[in-house]
Amino acid sequence: MSETLAAVRAETTKLRGIRGTQHSLLLFAGLSILIAALGGWSAKGALESGNPSLRSDFTPRQAGLDGVLYGQLALIVFGVLVVTSEYSSGMMRVSLLAVPRRGRLYAAKMAVTAVAAAAVAVPVTVLGYLVTQLALGSHGATLGASGVPRALAGATVYLTLMCLFAAATASIARNAVIPLAVLLPMVLAGTHILSLIGATREMARYFPDRAGRELLTVGSSDTVFGFTVLLAWTVAALVWGWVRHHRWDG
């Protein structure tokens, strides 16, 4: 147990020193809150002017969670950088000398990544929701509105699992280019486009980001489905990442 805690402490220390990770977390917070504010302000104007461009399924409660869907791009970058920085710099050899048991090193790194992601996701998700409602003014909803607390909790779970999925994918690839080239386009637009095409609509539901969005959809009846699919993708990636990490020969 003491060796495991030592590995966790070491990974926490390394996390603070990895170039770009803190910027990624700050970008996640800033982007999420900025989009939340702009989205709320824009929706308020559309509601008060009767602008038909406002989507038909708009609700103040759901609008308060839209910001993190864009901010998550930075959190994905964070998860990738946590892993790939050690491979690209050669520091992985030093880490293995300090913690020879590869499974313990991998578990500590992923645990620290998950805790860091969750620690940032909780306040940013809540603050983003509150900022949206403030921008909406009299059209806004409260923090305790029906379905909102569960969706806020679901958003934190979603963001944490997506960050872990990104980190595990990076461990599989051992470089930042492949996971970022696949994950960022997928989350930004890829699965959304697939969900609009009749032939691929059903398939799109089983992509990690698309399924996981059910967790932060207020009043969704597919929350369990979304969580199960996203968790399955994350666990599979973590296991594959562990295999690749275990076989790494430097």
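Not one N or O on the side chain of Thr217 forms a donor-acceptor pair closer than 3.5 Å with the backbone of Ser220. Checked by atom type and distance alone, the side chain of Tyr106 pairs as donor or acceptor with a backbone atom of Leu238 at under 3.5 Å. A donor-acceptor pair under 3.5 Å is formed between the side chain of Thr142 and the backbone N or O of Ala145.
Phe165 and Val115 are not part of a single hydrophobic cluster, where members link through side-chain heavy atoms under 4.5 Å apart. No continuous path of ILVMFWY side-chain contacts below 4.5 Å connects Ile193 to Tyr70, so the two sit in separate hydrophobic clusters. Placement of Leu180 and Ile178 in two distinct hydrophobic clusters is found when ILVMFWY residues are connected by side-chain heavy-atom separations under 4.5 Å, directly or transitively. The hydrophobic cluster containing Tyr129 does not contain Leu127, counting ILVMFWY residues as joined when their side-chain heavy atoms lie under 4.5 angstrom apart, directly or transitively. In the hydrophobic clustering of this structure, Leu184 groups with Val80; members are Ile, Leu, Val, Met, Phe, Trp, Tyr whose side-chain heavy atoms approach within less than 4.5 Å, directly or through other members.
Summarising the geometry, atom CG belonging to Leu161 is positioned 4.5 Å from atom CG belonging to Leu230; distances are rounded to the nearest 0.5 Å. Taken to the nearest 0.5 Å, the CZ atom of Arg213 stands 8.5 Å off from the NE2 atom of His192. Atom CZ in Arg244 sits 8.0 Å away from atom CD1 in Ile172 (nearest 0.5 Å). Here CG of Leu215 is found 10.5 Å from CG of Asp222. Values are rounded to the nearest 0.5 Å. Put simply, CE on Met110 and SG on Cys163 are 9.5 Å apart, with the number rounded to the nearest 0.5 Å. Rounding to the nearest 0.5 Å places CH2 of Trp233 at 6.5 Å from CZ of Phe207.
In this structure, Met162 and Leu75 have side chains that are not in contact, with every pair of non-hydrogen atoms separated by 4.5 Å or more. In this structure, the side chains of Val218 and Thr59 stay at 4.5 Å or more apart for every pair of heavy atoms.
Here the shortest heavy-atom pairing between Thr125 and Ala155 reads CG2-CB, 3.7 Å. Residue Ala151 comes nearest to Leu65 through the heavy atom pair CB-CD1, 3.5 Å, listed as atom of the first residue, atom of the second, then distance. In plain terms, the two heavy atoms of Gly241 and Ser171 that are nearest each other are O-OG, 3.3 Å. What you find for Lys44 and Ala135 is that their closest heavy atoms are CD-O, 3.2 Å. Between Thr160 and Thr156, the closest heavy-atom pair is OG1-O, 2.8 Å. Across every non-hydrogen atom of Ala173 and Pro179, the tightest pair is CB-CD, 3.8 Å.
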(request) List the steps, then state whether side chain to side chain donor-acceptor pair (under 3.5 Å) holds for Thr223 with Glu214. (result) CA-CA 5 Å; Thr223 301; Glu214 296 295 339; 5.9 Å; no

(request) Starting from the C-alpha separation in whole Å, work towards a yes-or-no answer on side chain to side chain contact (heavy atoms under 4.5 Å, CB included) for Gln133 and Arg61. (result) CA-CA 8 Å; Gln133 308 315 317; Arg61 294 175 300 160; 5.9 Å; no

(request) For side chain to side chain donor-acceptor pair (under 3.5 Å), just list the numbers for Thr84 and Asn175, CA-CA rounded to whole Å, side-chain angles, deciding distance to a tenth of an Å, and then say yes or no. (result) CA-CA 5 Å; Thr84 58; Asn175 67 73; over 6 Å; no

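Among the candidates Asp209, Leu73, Ile76, the single residue satisfying the side-chain contact (heavy atoms from CB on, under 4.5 Å) test with Leu183 is Ile76. For the side-chain contact (heavy atoms from CB on, under 4.5 Å) criterion with Leu159, the lone passing option out of Leu216, Leu69, Val68, Val120 is Val68.
Listed by chain and number, the residues in a salt bridge (Lys or Arg N to Asp or Glu O under 4.0 Å) with Arg205 are Glu202 (sequence neighbours excluded).
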Indicate every side-chain donor-acceptor pair of residues 22-43 with a distance under 3.5 Å to a residue at least two apart or in another chain.
residue : atom : partner : partner atom : Å
Gln22   : NE2  : Arg16   : O            : 2.9
Ser24   : OG   : Gly20   : O            : 2.8
Ser32   : OG   : Phe28   : O            : 2.7

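Ring planes of Phe225 and Tyr206: perpendicular class, angle over 60° (limits at 30 and 60°).
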